[in-house]
Undergrad: 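The structure is given below, and queries will be raised subsequently.
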Amino acid sequence: MDAAETQTRTANLILLGPPGAGKGTQARLLVDARGLTQLSTGDLLRAAVAAGTPAGLAAKAVMARGELVSDDIVVAIVDERLATETGGAGVIFDGFPRTAAQAAALDALLEKHGMTLDAVVSLDVDDQAMADRVSGRFTCAGCGEGYHDAHKPTAQAGVCDKCGGHDFKRRADDNAETVKERLSAYHAETAPLIAHYEAAGKLRRVDAMADIDDVAAAVKAAIGRP
Ligand code: AP5
């Protein structure tokens with residue numbers, strides 16, 4: 001993080017976009033550049049599934065089908081996660097909210113935790129390219145860095161650029177059938193939030209079909225600096 005970046009004001013952001021839009025990729029770049037905290041409901045749910053918690057047991061089959069997990073489960077894990085926040089540079093909500101009910105719940109959670117929402121960045125993409133992005137994705141099992149077979153391979157085959165680890169994993173729900181369901185859930189339940197946040201004056205739109213670095217520059221420009 002450079003000195004100018006650390007002077008960026010506190011910022012709580014939502015990254016909105018369909019599966020494969022680059023929410024996780026851009027969130028991790030903002031974590032590195034600005035010291036923000038990434039709060040990914042997908043990651044929290046996968047951790048709950050792996051740990052076999054009651055929420056994880058309820059979510060497992062729903063996620064495997066590519067459908068949305070119930071609002072009450074998701075809101076509860078976000079509430080629990082925000083309770084551990086210690087007032088850092090801000091939080092990036094990655095993949096939350098995804099329904100009108102979750103957007104209303106987020107307003108209440110922000111108030112409860114003494115936070116405000118600064119901006120909502122919509123990562124605008126072409127649906128047809130998303131199946132390719134998602135099916136080529138893999139992540140480092142050690143540090144979570146994300147890669148893509150074609151668009152973002154590791155510099156050295158089989159070695160993570162970030163931590164030097166050698167173990168990589170692919171997600172069970174990154175198959176053509178499930179991606180179709182996830183895109184359909186996005187259009188039915190989540191895309192309407194774009195108009196909701198536009199009406200609230202919070203929305204910034206970014207062309208997320210560009211290269212990862214160009215999208216990152218556009219996201220930074222969209223969320224601004226003091
Ligand atoms: P979640 O884990 O949130 O998955 P998603 O929304 O489907 O999003 P992805 O993680 O697939 O994509 P991304 O936008 O993060 O893209 P990425 O940066 O990895 O949710 C999984 C499931 O959990 C849901 O289906 C649901 O069941 C449940 N769930 C989660 N949150 C929920 C909620 N709030 N409510 C209810 N249920 C919930 O990029 C993808 C690939 O493309 C990578 O390989 C990357 O390297 C590459 N890439 C990224 N940007 C570019 C670029 N500009 N050009 C070329 N390649 C790129």
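We count residues from 1, following the sequence as given. Remember, it's 1-based here, ligands and their atoms both numbered in the order they're listed.
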Undergrad: Within the 4.5 Å heavy-atom criterion, are V120 and L13 side-chain neighbours or not?
TA: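 Heavy-atom side-chain distance check fails, nothing below 4.5 Å.
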
Undergrad: Just which atoms of ligand 1 are under 4.0 Å from any heavy atom in A208?
TA: 53 (N)

Undergrad: In the protein, which heavy atom is nearest to atom 29 (N) of ligand 1, and how far is it?
TA: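 Result for atom 29 (N) of ligand 1: L45 CD1, 3.4 Å.
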
Undergrad: Can you tell me the protein heavy atom closest to atom 12 (O) of ligand 1 and the distance?
TA: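 Protein heavy atom with the smallest distance to atom 12 (O) of ligand 1: G20 N, 2.9 Å.
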
Undergrad: Under a 4.0 Å heavy-atom limit, does A210 contact ligand 1 with its side chain, its backbone, both, or neither?
TA: backbone

Undergrad: Would you call A150 a ligand 1 contact, heavy-atom distance under 4.0 Å?
TA: no

Undergrad: Who's closest to atom 21 (C) of ligand 1 heavy-atom-wise, of R137, R171, E189?
TA: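 Heavy atom nearest to atom 21 (C) of ligand 1 belongs to R171.
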
Undergrad: Taking the six-membered ring of Y147 as reference, does the cationic atom of K152 (NZ for Lys, CZ for Arg) lie under 6.0 Å from its centre and within 45° of its axis?
TA: yes

Undergrad: Among all the protein's non-hydrogen atoms, which is closest to atom 15 (O) of ligand 1, and how far away is it?
TA: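 Here the closest protein heavy atom is G24 N, 2.9 Å.
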
Undergrad: For atom 43 (C) of ligand 1, what is the nearest protein heavy atom, given as residue, atom name and distance?
TA: Y147 O, 3.8 Å

Undergrad: Salt-bridge test for D118 and R204: reply yes if a basic N is under 4.0 Å from a carboxylate O, no otherwise.
TA: no

Undergrad: Any idea which atoms of ligand 1 are less than 4.0 Å away from a heavy-atom of Q102?
TA: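 Numbered from 1, ligand 1 contributes 33 (C), 34 (N), 35 (N), 36 (C).
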
Undergrad: When you measure from atom 54 (N) of ligand 1 to every protein heavy atom, which one gives the shortest distance, and what is it?
TA: R133 NH2, 3.5 Å

Undergrad: Give the residue, atom name and distance (to 0.1 Å) of the protein heavy atom nearest atom 49 (C) of ligand 1.
TA: T25 OG1, 3.5 Å

Undergrad: For atom 50 (N) of ligand 1, state which one of D213, I73, I212 supplies the nearest heavy atom.
TA: I212

Undergrad: Who gets closest to atom 27 (O) of ligand 1 by heavy atom: R182, R46, E67?
TA: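 The nearest heavy atom belongs to E67.
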
Undergrad: Work out whether the distance between some heavy atom of A21 and some atom of ligand 1 is less than 4.0 Å.
TA: yes

Undergrad: Looking only at distances, please establish whether an N/O atom of ligand 1 is found under 3.5 Å from an N/O atom of G66.
TA: no

Undergrad: Does only the side chain of L68 get under 4.0 Å from ligand 1, or the backbone, or both, or neither? Count heavy atoms.
TA: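 Looking at L68 and ligand 1, atoms from backbone and side chain both fall under 4.0 Å.
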
Undergrad: Could you find the nearest protein heavy atom to atom 31 (N) of ligand 1 and give me its residue, atom name and distance?
TA: T41 OG1, 2.8 Å

Undergrad: Counting heavy atoms only, which part of A59 comes closer than 4.0 Å to ligand 1: side chain, backbone, both or neither?
TA: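 The answer is neither.
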
Undergrad: Starting from atom 8 (O) of ligand 1, what is the nearest protein heavy atom, named by residue and atom, and what distance separates them?
TA: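 It is K23 NZ, 3.1 Å.
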
Undergrad: With respect to S40, determine whether any N or O atom, backbone or side chain, lies less than 3.5 Å from an N or O atom of ligand 1.
TA: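 Checking ligand 1 against S40, no N or O pair falls under 3.5 Å apart.
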
Undergrad: Can an N or O of V134 be found at a distance shorter than 3.5 Å from an N or O of ligand 1?
TA: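 By distance alone, the answer is no.
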
Undergrad: Could you name the option among K60, R98, M63 that has the heavy atom nearest to atom 1 (P) of ligand 1?
TA: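 The nearest heavy atom belongs to R98.
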
Undergrad: Is there a polar contact between ligand 1 and G136, counting only N or O atoms under 3.5 Å apart?
TA: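 No, since none of the N or O atoms of G136 sits under 3.5 Å from an N or O of ligand 1.
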
Undergrad: I'd like to check whether F96 has a polar contact with ligand 1, where a contact means an N/O of the residue lying under 3.5 Å from an N/O of the ligand.
TA: no

